[in-house]
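If you read the sequence from its start, that first residue is 1, and numbering goes on from there.
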Amino acid sequence: MEKPKIPDNEKQRLAALKTYDILDSLPEKDYDDLTLIAAEICDAPIALITLIDENRQFFKSRIGVDIEDTPREYSFCSHAINLPDQLMQVEDTSMDQRFVDNPYVIGEPKITFYAGVPLVNPEGYAFGTLCVLDSKAKRLNERQERALKSLANQVMHLLELRKKNKELELSRKKVDAYARETEEFVYAASHDLKEPLRMIRSFLKLLKKKHSQQLNEEGSKYLSYASDGVKRMQMMIADMLEYYRLNMNELTAEKVDISKLVDEVSAFYKREHQDAEIKHSGLPAINASGKDLRMVFENLIGNAIKYRKAENHPVITVRAEANTGGDWVFSIADNGVGIPEDHLERIFGLFQRAHSGKQYPGTGIGLAICKKIIEKAGGKIWVESKLDAGSTFFFTWPENV
């Protein structure tokens, strides 16, 4: 018996094999199906998918034998991987000096015939084989050889797919971990900023109350700018905390009467905007997080009132209808200033605004919050608009949340 030669690229070959994380893995149907097909086509009682590591031959899939691995020095496949671009075929082991006194030739399973196709990765490293064995001497015909080679290619495709899936899973975990760290940092930083801002705002109020007489017109103007800036920063921090809360928490579902919810939101806004007309009819009761869905309607109705035309009183119409998929499609239409066409997509991003912050104050986070809530529930949001004619925001909400 001749011991198999160690490949010249053994170190690199073993390193590449480990990237597949396949050694000692449990049986898998996809691999077992290929060995079964190989055994049937080649009319062989034994078929194996083998992988050669430092000291052994591991059977990823096996038909006709019960053992999970064998020593590398007795492995037929350890010879085959030294000829990575060829099908190795031994018609009669009793006539081949490499195997004549091999333990698996003179003992069970009494291997007399062997045919193996090396499993070669894109870099050219041979890891093992797809092989068939028999206790009687024979030779594969051309059709069987072609089929065995094709099946070996499929084994390699499975191994590459496994590797890619592992890499994707690792990348996903890294991205998720980074996203969580980022969210936690932003949440903590935003939360910690609230207290010093409260202190600054309190001192600005105190300064205005006790020292306003000592300030000239320009000083009073600067003080007003500072107060407005602190107020805007507080609003932005509150919205950012809400945005990241949505990332960190799961939506909880309950039965929400949308007609009642819109009435409550309308009553809130009409206290300051008595000329606003908010109409709705036929709104359903749906499964949703009442708190989060209220935030959606507060943002969309609030924006419809904010972006009003100076010469018109705001008219907002809320509608709902079921689509063909069984989900609800809500629309909030207004008669406001409209949105430029090149802003229709970007307004749903963080800190994105279609109009001047001086004319229409806000943080630029509200629509991003709406998008986050709706997409987390499995819906989508979009807008149709025409300048000086108004906008209609649409969003879908799945029936079963």
Whether over 12 other heavy atoms sit under 6.0 Å from Asn141 CG: yes

Lys208 atom NZ: more than 12 heavy-atom contacts under 6.0 Å: no

Pair Gln12-Glu123, side-chain donor/acceptor within less than 3.5 Å: no

Evaluation steps, side chain to side chain contact (heavy atoms under 4.5 Å, CB included), between Leu14 and Ile52: CA-CA 8 Å; Leu14 291 173; Ile52 312 297; over 6 Å; no

Flag if over 12 foreign heavy atoms under 6.0 Å of CG, Asp176: yes

Asp30 side chain near His157 side chain, heavy-atom distance below 4.5 Å: no

Check: Ile278 and Asp263 side chains under 4.5 Å, non-hydrogen atoms: no

Pair listing, ring pair (Phe, Tyr, Trp, His ring centres under 6.0 Å) test, anchored in residues 85-110, at least two apart: Phe76-Phe99, His79-Phe99

Salt bridge (Lys or Arg N to Asp or Glu O under 4.0 Å) between Arg172 and Glu169, intermediate numbers included: CA-CA 5 Å; Arg172 186 191 64 79; Glu169 179 64 16; 2.7 Å; yes

Check: Thr70/Ser75 side-chain N/O donor and acceptor closer than 3.5 Å: no

Polar side chain donor-acceptor pair, Asn216 to Glu218, under 3.5 angstrom: no

Test side chain to side chain donor-acceptor pair (under 3.5 Å) applied to Gln214 - qualifying residues, sequence neighbours left out: His211

Aromatic contact, Phe395 with Phe297 (centres under 6.0 Å): yes

Row check, Tyr31 ring normal vs Lys60 NZ/CZ: under 6.0 Å, within 45°: yes

Trace of the salt bridge (Lys or Arg N to Asp or Glu O under 4.0 Å) decision for Lys163 with Glu160: CA-CA 5 Å; Lys163 181 180 177 180; Glu160 284 294 310; 5.1 Å; no

Over 12 non-hydrogen atoms of neighbours within 6.0 angstrom of NZ in Lys255: yes

Derivation of the salt bridge (Lys or Arg N to Asp or Glu O under 4.0 Å) call for Arg56 and Asp24: CA-CA 11 Å; Arg56 60 172 178 149; Asp24 297 309; 2.8 Å; yes

Atom CD of Glu142: over 12 foreign heavy atoms under 6.0 Å: no

Within 6.0 angstrom of Lys205 NZ, more than 12 heavy atoms from elsewhere: no

Within 6.0 Å of CZ in Arg319, more than 12 heavy atoms from elsewhere: no

Val90 vs Ile111 side-chain heavy atoms within contact, under 4.5 Å: no

